[in-house]
Amino acid sequence: MECNEEQHAVVSVINSLAGRFPGRARTDIEDAVCEEYSAFNSGSVRTMVPVLVERAAIQRLQGGRV
């Protein structure tokens, strides 16, 4: 996955989570996604990064972890 495709996928994750968590501020969602994205940023295999970021951000937004 190229960087531009990955960035587009991460923006899609943010938009999806904004719809899933309408009571949360968009900045909270963006922060959660960006923090989770940075945790996966050093890996060499990039294909699954957006999916992993989305799952981790969902857990964070549901209060599963900080």
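Throughout, residue positions are numbered sequentially from 1 according to the sequence presented.
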Any donor-acceptor pair under 3.5 Å from Ser12 side chain to His8 backbone: yes

Would Leu61 and Arg20 count as a side chain to side chain contact (heavy atoms under 4.5 Å, CB included) if you check the C-alpha gap in whole Å, the side-chain angles of each, and the deciding distance to 0.1 Å? CA-CA 10 Å; Leu61 292 167; Arg20 186 169 176 176; over 6 Å; no

List in chain and number order the residues that pass side chain to side chain contact (heavy atoms under 4.5 Å, CB included) with Asp31, two or more places apart in sequence or in another chain; answer none if no residue qualifies. Glu35

So which atom in Ala57 and which in Leu17 form the shortest heavy-atom distance, rounded to 0.1 Å? CB-CD1, 3.7 Å

With heavy-atom distances below 4.5 Å as the criterion, would you say the side chains of Ile14 and Arg26 are in contact? yes

Under the side chain to side chain contact (heavy atoms under 4.5 Å, CB included) rule, collect the residues that match up with Val11, sequence neighbours excluded. Asn15

State the CD1-CZ distance between Ile58 and Arg60, to the nearest 0.5 angstrom. 13.0 Å

Just how far is it from atom OH of Tyr37 to atom CD of Gln7, taken to the nearest 0.5 Å? 6.5 Å

